[in-house]
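Heavy-atom basis, side chains included; hydrogens, waters and symmetry copies ignored. Remember, it's a predicted structure, so these values are computed and weren't measured experimentally.
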Amino acid sequence: MTTATEASTTAHVQSAIGAYAQALDADRVDDLVELFWPDGVAEITGVGTFEGHEAIRAGYAGFSPTQPQLHLVANTVVTSVTGDEASAVSNLAFFQRDASGWVVRLVGRYDDVLRRRDGEWRFQRRVTTFLP
């Protein structure tokens with residue numbers, strides 16, 4: 001049975017994950033950066049590892065959309081909650097719209113560690129892995 005605390009943590013984790021996808025698709029890099037702690041890490045397998053707000057901002061600035069895009073995140077499972085830390089895994093499908101319509105460009109997964117400080121949940125580490 002899920003406790004109220006676990007349910008609340010899951011809701012906060014899912015909210016951060018959804019906010020990330022929406023900020024990325026809308027090219028709101030500053031909003032995306034604020035979802036990470038100042039010492040947070042964003043690792044994109046095969047692309048790079050960005051540590052800290054300035055590195056994350058610089059890394060994601062290179063991903064500005066050139067056409068409409070949509071990150072669909074699904075099957076999020078909070079795998080552990082220990083005090084002020086939660087881990088989660090999610091599936092990812094990335095779509096872009098071109099002249100023929102919406103096309104799946106890649107699929108992958110997110111492996112996340114979020115931490116709570118002063119009642120606020122943010123990413124401590126997000127690893128993005130693309131599947132073949």
Side-chain angles (χ1 to χ4, degrees):
M1 177 173 256
T2 303
T3 68
T5 301
E6 290 169 335
S8 174
T9 298
T10 297
H12 286 289
V13 167
Q14 290 176 333
S15 180
I17 290 169
Y20 172 96
Q22 291 190 11
L24 190 57
D25 291 337
D27 197 25
R28 296 190 327 263
V29 175
D30 288 338
D31 292 347
L32 184 143
V33 168
E34 288 304 313
L35 292 167
F36 286 84
W37 288 112
D39 61 345
V41 176
E43 178 182 340
I44 303 171
T45 303
V47 175
T49 300
F50 312 106
E51 296 185 37
H53 277 177
E54 291 311 310
I56 293 169
R57 182 175 284 105
Y60 280 85
F63 298 130
S64 291
T66 57
Q67 59 202 60
Q69 66 180 38
L70 182 65
H71 287 77
L72 290 181
V73 183
N75 305 324
T76 298
V77 176
V78 176
T79 56
S80 72
V81 177
T82 310
D84 290 332
E85 184 172 290
S87 297
V89 62
S90 305
N91 296 114
L92 158 69
F94 173 64
F95 295 80
Q96 282 184 317
R97 191 174 73 206
D98 60 21
S100 65
W102 288 97
V103 178
V104 176
R105 296 292 183 202
L106 60 86
V107 296
R109 68 183 264 156
Y110 292 124
D111 289 283
D112 297 315
V113 175
L114 293 95
R115 290 217 172 107
R116 177 176 52 197
R117 297 180 189 160
D118 299 324
E120 187 174 354
W121 287 92
R122 293 186 192 185
F123 292 101
Q124 185 62 50
R125 183 174 195 87
R126 168 161 263 207
V127 177
T128 304
T129 305
F130 304 116
L131 301 176

**Q.** Distance-only side-chain donor-acceptor flag, Q124 / D39, under 3.5 Å
**A.** yes

Q.
Please determine whether residues V113 and F50 belong to a single hydrophobic cluster, defined as Ile, Leu, Val, Met, Phe, Trp and Tyr linked transitively by side-chain heavy-atom distances below 4.5 Å.
A. no

**Q.** Backbone N/O of E6 and side chain of T10: donor-acceptor pair under 3.5 Å
**A.** yes

Q) With distance as the sole test, does H53 use its side chain to make a donor-acceptor pair with the main-chain N or O of F36 at under 3.5 Å? A) yes

Q: On the 0 to 90° scale, with breaks at 30° and 60°, tag the Y110-Y20 ring pair as parallel, tilted or perpendicular.
A: perpendicular

Q) Do the non-hydrogen side-chain atoms of L92 and T128 ever get within less than 4.5 Å of each other? A) yes

Q: For the pair D111 and R109, find out whether any cationic side-chain nitrogen is under 4.0 Å from an anionic carboxylate oxygen.
A: yes

Q: Find out whether F94 and V104 are in side-chain contact, i.e. whether some heavy atom of one side chain is under 4.5 Å from a heavy atom of the other.
A: no

Q.
Can you give me the closest heavy-atom contact between L35 and A16, atom names plus distance?
A. CD1-O, 4.1 Å

Q.
Between D84 and R115, does any NZ, NE, NH1 or NH2 come within less than 4.0 Å of an OD or OE carboxylate oxygen?
A. no

Q) Does W37 have R117 sitting over its ring (NZ/CZ under 6.0 Å from centre, angle to axis within 45°)? A) yes

Q: Determine yes or no for a side-chain-to-main-chain donor-acceptor pair under 3.5 angstrom, with T129 supplying the side chain and T45 the backbone.
A: no

Q. What do the steps show when you test R122 against E34 for side-chain contact (heavy atoms from CB on, under 4.5 Å), and what is the final call?
A. CA-CA 8 Å; R122 293 186 192 185; E34 288 304 313; 3.9 Å; yes

Q. Has E85 got more than 12 heavy atoms of other residues, nucleotides or ligands less than 6.0 Å from its CD?
A. yes

Q. Do V89 and W121 share a hydrophobic cluster, counting only Ile, Leu, Val, Met, Phe, Trp and Tyr and linking them when any side-chain heavy atoms are less than 4.5 Å apart?
A. no

**Q.** Considering all heavy atoms, the nearest F63-I44 contact
**A.** CE1-CD1, 3.6 Å

Q.
Using the rule that Ile, Leu, Val, Met, Phe, Trp and Tyr join whenever any side-chain heavy atoms are under 4.5 Å apart, tell me whether V127 and V47 fall into a single cluster.
A. no

(Q) If the threshold is 4.0 Å, N to carboxylate O, is there a salt bridge linking R125 and E43? (A) yes

Q. How about Q96 and V103: do any of their side-chain heavy atoms sit closer than 4.5 Å?
A. no

